[in-house]
Amino acid sequence: MEYNFRNIEKKWQSEWKKNLQYKVATNFSLPKFYVLDMFPYPSGAGLHVGHPLGYISSDIYSRYKRLKGFNVLHPMGYDAFGLPAEQYAIDHGIHPEVSTNDNIDNFRKQLDNIGFCYDWEREVRTCDPNYYKWTQWIFLQLFDAWYNRKKNKAEPIATLINIFETQGVNNNEVHCSSTVIPFSKEEWNAFDEKKKMEILMQYRLAYCGFGEVNWCEVLGTVLANDEIINGVSERGGHPVVKRKLRQWYLRITEFADRLLDGLDKVDFSESMKEMQRNWVGKSSGAEIKFQLQTSNKNFQNNKLVVYTTRPDTIFGVDFMVIAPEHELVNKIVTEEQKQEVEKYCNTVKKKSERERMAEKKISGISSGAFAIHPFNCKKIPVWISEYVLIGYGTGAIMAVPSGDQRDFLFAKHFSIPITNIFGTHFIQEEAIVSNAIALENSDFLNGMFPKQAIQVAINKFEEKEIGRHKVNYKIHDAVFSRQRYWGEPFPIVWKDGTAIALNENQLPVLLPSLQEIKPGEDGEGPLSNLIAWKNIDSGIREVNTMPGYAGSSWYFLRYMDPKNETEFCNRKIADYWEQVDLYIGGTEHAVGHLLYSRMWTKCLFDLGFISFDEPFKKLINQGKIGGDSRIAYRIHGTNQFVSAGLKDNYKTDELHVDVSLVDGMELNFESFKKWKPEFANATFILESEKYFCGARLEKMSKRYFNVVNPDDVVDKYGADTFRMYEMFLGPLEQDKPWDTKGIEGVHRFLKKLWRLFFDNQKGKQWTTEKPTDAEWKVLHKTIKKIEEDTERFSFNTGVSAFMICVNELTDLKCNKQEILEKLLILLAPYAPHISEELWFALGNTNSILNASFPTWEEKYISETSKTYPVAINGKTRTEINIDLNATQQQVEEIVLNNELVKKWIEGKQPKKIIYVKNKMVNIVL
RNA sequence: GCCCCGGUGGUGGAAUUGGUAGACACGCAGGACUUAAAAUCCUGUGACCCGCAACGGUCGUAACGGUUCAACUCCGUUCCGGGGCACCA
């Protein structure tokens with residue numbers, strides 16, 4: 001009987017499906033474990049071998065936890081709204097819903113092929129009205145909430161209204177929103193409804209406002225900061241410009257500190273935490289007000305407010321720099337400088353985001369105005385330069401050339417005299433950024449180190465009322481609307497310019513079907529073309545849709561209770577499944593998805609809907625699998641190809657060859673000729689009658705013809721081999737190339753395992769004989785190793801432990817049922833199909849999925865003696881078997897009497913003999 | 001520029017707490033079985049040196065230096081690769 005993986009895998013996949021083996025019940029009496037994969041965006045390209053890496057590891061872990069007695073939630077779904085489907089619709093005239101569903105079907109087939117244990121009854125699709133009804137519902141909760149800084153939590157807006165009605169607003173610091181002008185309770189009560197709503201809008205966690213947004217003309221929509229890479233759109237690489245537009249926002253800035261603090265409670269990789277910390281970008285310093293002096297007629301005695309993290313360097317200020325977009329530019333620029341300043345500001349504004357970021361040349365222009373130093377009354381020139389960004393801090397800085405490298409270079413470039421506040425440490429060659437150098441030439445700060453001086457300086461500012469301590473963040477409120485069709489509609493209707501939230505019973509607001517998807521007028525989305533849908537009795541519907549991250553910010557909650565029609569998720573059920581214990585996915589979601597879902601979780605927690613405020617307890621980022629491309633060399637200007645070894649003799653062009661046409665490095669040139677018409681008449685210069693390709697590791701991508709489809713691998717070797725091979729490739733979190741060569745080894749291993757049970761000629765091999773000590777030892781050693789490796793996600797060493805086990809059992813000619821049966825349970829998470837087949841062959845009648853993971857016992861593993869490496873002066877010279885209970889003295893005796901040792905110590909007296917039990921012996925001469 | 005991760009045979013990688021570097025697998029070489037092939041099995045395989053042989057020696061984990069009886073592992077400096085952040089004041 002041979003190992004016929006095709007039949008076996010098909011058979012068990014349908015059996016498991018038929019018997020609902022993967023159905024998960026919310027069983028409160030069992031300990032729970034929640035394993036989650038980042039759900040995929042169902043792209044038209046389908047899965048390549050890189051995608052399942054994370055899914056396989058989470059699948060193994062889920063199955064392992066189940067064998068360990070946990071009730072394991074391991075669901076899958078689709079992040080199905082998004083730009084590519086809409087773009088595809090525009091290009092090909094196929095409705096996003098149609099292409100999305102096709103793509104999902106295709107994904108599902110590919111996933112099923114690999115034998116995952118997902119409970120598909122819990123599948124969610126973000127584009128399903130039964131799902132996005134609750135996305136809209138959560139949006140309403142955010143709309144109907146504000147951030148209470150005093151209590152440091154989100155609260156229903158009713159509590160804010162209550163504050164307004166009873167106290168009014170006198171201190172914006174406590175109750176958020178810097179733009180609201182203080183009012184008394186009497187004033188509030190006298191405001192009309194529209195005015196009240198306007199004020200409340202400035203507090204809502206989901207709010208509508210005007211602001212500079214990242215507008216992408218080609219995509220016809222705004223983008224969040226995390227959707228822009230190097231100044232162009234993440235999807236498509238299109239240019240992005242700043243534009244002032246009405247948009248919805250999420251007030252994520254209020255959560256900045258909690259998003260930072262929460263990182264200490266979760267188990268994410270250091271680099272992942274670092275990325276999030278960078279994104280939040282918290283810094284501490286001071287805001288300082290400077291008196292201005294200018295001949296400009298528009299000047300209204302405005303003050304210049306700067307933000308600095310080094311207020312201690314106040315006596316080193318030699319000039320000020322404000323951003324070209326700064327509102328003071330026009331008010332302070334002098335007549336003499338006006339023309340030049342305008343010219344400069346215009347050139348800067350014309351540049352795209354990308355060009356400005358790439359700009360490394362120092363540029364700037366003097367405004368002609370001066371600021372007055374608050375302590376020594378020195379006149380400080382005010383400059384305008386693009387190196388100061390309008391979006392950060394106050395858009396203005398105090399420049400300290402002796403203490404900041406950029407300021408230093410700027411001063412040098414424009415020959416601005418530099419004040420030295422670091423004495424002999426500063427030698428006019430570079431700025432002093434160290435915080436271990438005491439200040440000089442700094443009045444009341446002289447002799448102090450920065451840490452102390454910062455505090456003293458801030459106190460002085462506060463005393464003189466010219467500045468204060470200030471914490472700054474890079475993070476901005478997240479744009480939450482898109483001028484697009486394929487997304488969740490907002491449950492908002494506009495009436496007389498006021499946004500009115502729909503009632504819960506009006507949800508879901510269905511996405512209307514649309515014949516042709518095209519942008520509306522004035523940068524509005526396609527929905528604005530649907531006049532009948534837009535205009536309703538109560539007003540005008542919001543025509544924007546929600547961004548891609550809306551649905552993915554809370555999907556992990558919906559899996560817990562996916563069919564609930566009255567709640568987004570039942571509280572009791574959410575209390576049972578709680579946080580995701582293990583989340584596996586790619587690094588590309590480090591700042592976007594993870595920050596948003598962390599924020600949503602905190603909101604839902606604050607508002608009392610769930611009992612935890614961090615969604616993911618542990619996060620693992622699987623590495624990327626790179627493509628191993630094959631290159632052919634065409635002699636320049638001809639249709640003749642030269643084998644890799646000879647290419648240096650010619651002038652050649654490199655062409656990517658489809659990896660399926662190449663065996664190892666050897667090109668099948670007959671198939672190659674048929675591949676594309678232009679190669680039909682190609683000729684070849686061969687080496688030893690073969691054509692060898694070159695190789696290159698790069699991203700797995702269609703355009704390099706290096707994409708390997710898991711379906712093909714599964715077809716050739718089976719899902720079990722595929723699963724184990726992906727794991728065997730290397731550590732989960734590491735990037736690695738896909739190389740099909742090694743897969744044979746894993747496949748051989750499964751065949752070898754099979755032969756422990758069945759002989760090709762003789763058939764059934766196993767016996768019910770009692771195992772020997774040696775056989776028990778092999779088994780228990782393996783149980784221990786597999787348990788340890790699986791627990792620490794070291795699946796590659798786990799696979800090799802199985803190989804060692806099967807090799808040893810083969811050497812021992814062990815076919816004992818007692819041993820083999822236990823081994824199958826260990827293997828079941830890694831290779832479920834073959835394990836189930838052999839499990840039933842042994843006579844079991846209940847699925848191996850419901851077995852219990854065996855426990856290893858010390859007595860089978862423990863040794864009475866060990867073969868110690870014996871080193872002389874640290875170099876291992878021999879091995880001696882010594883009883884484990886031997887004392888230091890006994891060991892010394894044994895070792896010193898050994899012939900080889902005697903030879904090496906040449907009669908010298910050892911200084912010291914180091915003996916570490918169970919490790920080694922070292923003789924120091 | 002700053003931060004994080006990494007660098008081990010021809011290849012993927014192992015070494016979990018400082019204790020026999022190179023597990024396991026691929027590849028390669030030789031052999032067995034076979035008329036032959038496939039499949040399977042066995043042996044060898046870091047480099048170098050000595051040798052009839054060895055269960056002989058030297059070197060060896062990017063480079064250099066340090067700590068230690070002992071370093072892939074800890075510390076310092078440098079180089080290289082990958083990722084993130086970035087005129088962020």
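Worth knowing before you read on, the calculation uses all heavy atoms, side chains too, and leaves out hydrogens, waters and symmetry mates. Below, read A as the first sequence line, B as the second, and so on, with proteins coming before strands; counting in each chain starts at 1.
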Quiz item: Which pairs with one or both residues in residues 720-739 of chain A pass salt bridge (charged side-chain N to carboxylate O under 4.0 Å, His left out), sequence neighbours excluded?
Solution: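 Listed by first then second residue: A:Asp59-A:Arg723.
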Practice problem: Please list all pairs passing the salt bridge (charged side-chain N to carboxylate O under 4.0 Å, His left out) test where one or both residues lie in residues 786-801 of chain A, with sequence neighbours left out. | Solution: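 For residues 786-801 of chain A, and leaving out neighbouring residues, the salt bridge (charged side-chain N to carboxylate O under 4.0 Å, His left out) pairs sorted by first residue read A:Lys68-A:Glu787, A:Lys784-A:Glu788, A:Lys785-A:Asp789, A:Asp789-A:Arg792.
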Has the side chain of [X] got a donor or acceptor atom that lies under 3.5 Å from a matching backbone atom of [Y]?
X: A:Gln405; Y: A:Ala431; result: yes
X: A:Asp407; Y: A:Val400; result: yes
X: A:Ser367; Y: A:Val382; result: yes
X: A:His476; Y: A:Gly391; result: yes
X: A:Arg877; Y: A:Leu900; result: no
X: A:Thr782; Y: A:Cys805; result: no
X: A:Asn796; Y: A:Met727; result: no
X: A:His373; Y: A:Ile314; result: yes

With the criterion being N/O to N/O and under 3.5 Å, what pairs connect the protein with nucleotides 82-84 of chain B, and how long is each?
none

Output the rounded distance in Å from [atom1] ([X]) to [atom2] ([N]).
X: A:Lys736; N: B:G12; atom1: NZ; atom2: P; answer: 13 Å
X: A:Asp404; N: B:A86; atom1: CG; atom2: C1'; answer: 13 Å
X: A:Arg310; N: B:A89; atom1: CZ; atom2: P; answer: 11 Å
X: A:Ile786; N: B:A23; atom1: CD1; atom2: C1'; answer: 14 Å
X: A:Asp407; N: B:C87; atom1: CG; atom2: C1'; answer: 10 Å

Quiz prompt | Partners passing side-chain contact (heavy atoms from CB on, under 4.5 Å) against A:Phe5 (at least two apart in sequence or in another chain) | solution =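 Testing A:Phe5 for side-chain contact (heavy atoms from CB on, under 4.5 Å), a comparison that skips the adjacent residues, returns A:Tyr3, A:Glu9, A:His747.
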Restricting to nitrogen or oxygen on both sides, can you table the protein-nucleotides 55-60 of chain B pairs closer than 3.5 Å?
{"unit_1": "B:U58", "atom_1": "OP2", "unit_2": "A:Arg877", "atom_2": "NH1", "d": "3.1"}

Quiz item: When you check the gap from the basic side-chain N to the acidic O, do A:Glu270 and A:Arg277 get nearer than 4.0 Å?
Solution: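 Salt bridge between A:Glu270 and A:Arg277, a charged N being under 4.0 Å from a carboxylate O: yes.
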Quiz item: With a 4.0 Å cut-off, would you call A:Glu863 and A:Lys777 a salt bridge?
Solution: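 Here A:Glu863 pairs with A:Lys777 in a salt bridge, since their nearest N and O are under 4.0 Å apart.
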Quiz item: Between A:Phe268 and A:Leu619, what is the shortest heavy-atom contact and its length?
Solution: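 Where A:Phe268 meets A:Leu619 most closely, the heavy atoms are CD1-CB, 3.4 Å.
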Quiz item: Which heavy atom of A:Tyr915 sits nearest a heavy atom of A:Ala886, and at what distance?
Solution: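 The answer is OH-O, 3.5 Å.
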Could you list the donor-acceptor pairs under 3.5 angstrom formed by side chains in residues 918-925 of chain A, with sequence neighbours left out?
{"unit_1": "A:Asn922", "atom_1": "OD1", "unit_2": "A:Gly874", "atom_2": "N", "d": "3.0"}

Quiz item: Taking the nucleotide of RNA chain B with the closest heavy atom to each, which residue, A:Ser794 or A:Tyr473, is nearer the 5' end?
Solution: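 It is A:Ser794 whose nearest nucleotide is closer to the 5' end.
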Quiz item: If you find the nucleotide of RNA chain B closest to A:Thr876 and the one closest to A:Pro737, which residue's nucleotide is nearer the 5' end?
Solution: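 Nearest-nucleotide comparison on RNA chain B picks A:Pro737.
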Could you please name the option among [options] that lies closest to any side-chain atom of [X]?
X: A:Pro731; options: B:U16, B:A14, B:G19; value: B:A14
X: A:Thr797; options: B:C69, B:A15, B:U20; value: B:A15
X: A:Lys751; options: B:A89, B:U16, B:U40; value: B:U40
X: A:Ile914; options: B:U16, B:C69, B:C87; value: B:C69

Exercise. Please name all residues satisfying ring pair (Phe, Tyr, Trp, His ring centres under 6.0 Å) with A:Phe793, sequence neighbours left out, ordered by chain then number.
Key: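 A:Tyr61.
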Quiz item: Does the side chain of A:Tyr473 pick up a donor-acceptor pair with the side chain of A:Thr253 at under 3.5 Å?
Solution: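 Side-chain D/A pair, A:Tyr473 to A:Thr253: absent.
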Detail all sub-3.5 Å separations between protein N/O atoms and N/O atoms belonging to nucleotides 70-74 of chain B.
none

Quiz item: With sequence neighbours left out, what residues match A:Thr740 under side chain to side chain donor-acceptor pair (under 3.5 Å)?
Solution: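 Side chain to side chain donor-acceptor pair (under 3.5 Å) check on A:Thr740 returns A:Trp738.
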Over all strands shown, is [X] touching base, sugar-phosphate only, or nothing at heavy-atom distances under 4.0 angstrom?
X: A:Gln405; value: nothing
X: A:Lys785; value: base
X: A:Ser283; value: sugar-phosphate

Quiz item: What string of B, S and - do you get for nucleotides 44-52 of chain B, 5' to 3', if B is base contact, S is sugar-phosphate-only contact and - is no contact with any protein heavy atom under 4.0 Å?
Solution: ---------
Quiz item: What integer number of Å spans the P atoms of B:A29 and B:A38?
Solution: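 Per the computed distance, 13 Å lies between those P atoms.
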Tell me whether the side-chain N/O atoms of [X] come closer than 4.0 Å to OP1 or OP2 in [N].
X: A:Gln734; N: B:G6; answer: no
X: A:Arg277; N: B:C85; answer: no
X: A:Tyr392; N: B:A89; answer: yes

Under 3.5 Å, which protein N or O atoms sit close to an N or O of nucleotides 24-27 of chain B? Give each pair with its distance.
{"unit_1": "B:A25", "atom_1": "OP1", "unit_2": "A:Asn807", "atom_2": "ND2", "d": "3.0"}
{"unit_1": "B:C26", "atom_1": "OP1", "unit_2": "A:Arg748", "atom_2": "NH1", "d": "2.4"}

Exercise. Show your reasoning for whether ring-ring contact (aromatic ring centres under 6.0 Å, His included) applies to A:Tyr725 and A:Tyr717.
Key: CA-CA 10 Å; A:Tyr725 182 58; A:Tyr717 297 101; 8.4 Å; no
Self-check item: Dot-bracket pairing map - RNA chain B, Watson-Crick plus G-U, both contacts under 3.5 Å, | cross-strand
Solution: (((((((..(((......[....)))((((((.......))))))((((......))))..(((((..]....))))))))))))....
